[in-house]
Amino acid sequence: MSPLRNVRGWLDERLGWEGLIAPLRKKTVPLHGLSYWYFLGGITLFLFVIQVLTGILLLLYYRPGANEAFESVQYIMTQVQFGWLIRSIHSWSANLMIFTAFAHMFSVLFLKAYRKPRELTWVSGVILLFLVMGFGFSGYLLPWNTLAFFATKVGTEITGQVPVIGKPLMIFLRGGEDVTAATLSRFFGFHVAVLPGLTTLLILLHVLLVQRLGISIPPKLEVQWTANPSEKREMKFFPNFLLRELMAWYVALGVLGALAALFPWNLGVKADPFVSAPAGIKPEWYFLFMFQTLKLIPPKVWFIDGEVLGVLVFGLVGLLWLLLPFFESDHPSRTKRWITGVAVFALAYVAGMSVYGYLAK
Amino acid sequence: MATSDQGMTNPSDGQSAPVPRRRFVEVLLGGGFLATAAAFVYPVLRYLVPPKLSDMGSDSVVAGRVGELKPNSGKIFRFGNRPGLLIRTASGEYRAMSATCTHLSCTVQYRDDLRQVWCACHNGKYDLNGRNISGPPPRPLEGFEVQVRGDEIFVRRRREA
């Protein structure tokens, strides 16, 4: 008997290892032309793990504080060996993770995987997307540079536009009336403690739901396969699909490494509350579509302030988005076409406005 | 006199009106738990609200020196803990106003090519009196009084009429 087998046998006798793996062995993944889209959630999870690991590494040198934050990131990038690479991986992986999370969401939407009984998987996923954007927003401020300073000012000011609860919420986020060192302390706390905790819990729930409910089949195929079970094609999750997923992770790692090494992330200029916002200032790409929309809304619409209207509309759209599965039919043969229409429009709007925002002066 | 696990008879009226003992314990315990929770939650909620900082700036500051600004230019100065904008117009006149954009509080700047005050964040524009003239700003910038005393340019808040 090989030593490895001995260890496995020893562990199995004590942990009932085989019993734990049994459901994974039974789990299957439907096989069809669009199966590749099933990789995206896993890739997002992989990038999140990279974020946690590189985030912990950055914590070894980073110091929050208006007089230290910028300097400590500068120190990481210029003095610490491979510090520039660790920070660059953290920034690139963050951006890729937001991209794959968006792609995962739209693939779920177009494959109609959010239908009964997977409504809660969708809801937890959309909340995860909001959390990930919160990660992006809070992490962006931590190097305490000019762009981040104004992005935070505008972002928190937008929160302040929400009627009634907006102002107290803004003061809570900023740690005062203005964006100061107090804001940096709070954002640091959100970024390294509050958000990781919440996100980890929610990822566990999300993955548990996927395990419990199995992987969704596109409605057309579901109808076909139910009528004619002999047509059904699937792949074992363990090890067949998992090995393919691992290859996808390996490719993602390659892309990430190349981007981080070839295009190291900039640090910019240290924030100064007493300089003007620089020309051409823009938020990160994943906030661009909202930024551009706010820019286009006139100052007054009827009797409501433009930005108040913008914030209310975005809030309402976000809420409806969260509840989208509850508007869908329970029957795979009667799925609602207008939801697909909404999805196409949303994708076109987000993509179009982002490009417009990127190109606009 | 019957007793049950649901309650006990009340000896004062001699009737068998049960005092629900279980209910009593539930209310006592539940109320206790609620009070304990409130005793934890209230301080935490108050803790989350940052203490108010007093604006240490006085009503008047020195925003710059005569000769520092060329005609048709502007600069940011500190007014308490907020930024202010001092402009010297093309005709040589001084103007001062808050530099915090009324749209989403970015810090504005003077554009010599436009001869206007401009906010880079959302392309808001104001005239030299701080009036919002284009883009998303909903209100004018707060204007300040400018006084040149000797070599120094003083800026002060306008008195409420």
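Just so it is clear, the model here is predicted, and its values are computed rather than measured. In what follows, chains are A, B, ... by sequence order, proteins preceding strands, each numbered from 1.
How far CG of B:Asn132 is from NE2 of B:His103: 11.5 Å, rounded to the nearest 0.5 Å.
Contacts of A:Gln292 with chain B are absent, with no heavy-atom separation under 4.5 Å from either backbone or side chain. Residue contact with chain A, scored on non-hydrogen atoms closer than 4.5 Å, involves the backbone of B:Thr102 exclusively. Contacts of B:Pro138 with chain A are made by both backbone and side-chain atoms, with heavy-atom separations under 4.5 Å. Interface remark: A:Val179 contributes no atoms to any contact with chain B (heavy atom separation under 4.5 Å). For a residue to count as touching a neighbouring chain, one of its non-hydrogen atoms must lie under 4.5 Å from one of that chain's; by this rule B:Arg139 touches chain A with the side chain only. Residue contact with chain B, scored on non-hydrogen atoms closer than 4.5 Å, involves the backbone of A:Pro278 exclusively.
Your options are B:Pro136, B:Gly84, B:Pro51, and the one with the most heavy-atom pairs under 4.5 Å with chain A is B:Pro136. In terms of heavy-atom pairs under 4.5 Å with chain A, the best-connected choice from B:Val49, B:Ile76, B:Leu85 is B:Ile76. With chain A as the partner, the residue from B:Cys106, B:Ser105, B:Pro137 showing the most heavy-atom pairs under 4.5 Å is B:Ser105.
Of the listed residues (A:Tyr140, A:Phe137, A:Phe172), just one forms a ring pair (Phe, Tyr, Trp, His ring centres under 6.0 Å) with A:Phe187, and that residue is A:Phe137.
Counting only heavy atoms from C-beta outward, the side chains of A:Leu267 and A:Arg87 approach each other to under 4.5 Å. Residues B:Tyr110 and B:Asn72 form a side-chain contact, since some pair of their non-hydrogen atoms from C-beta on lies under 4.5 Å apart.
Between A:Phe102 and A:Trp285, the ring-plane angle classifies as tilted under the 30° and 60° cut-offs.
Within a 6.0 Å sphere centred on CZ of A:Phe99, heavy atoms belonging to other residues, nucleotides or ligands number 12 at most.
Between B:Cys101 and B:Cys121, the two SG sulfurs stay at or beyond 2.5 Å from each other.
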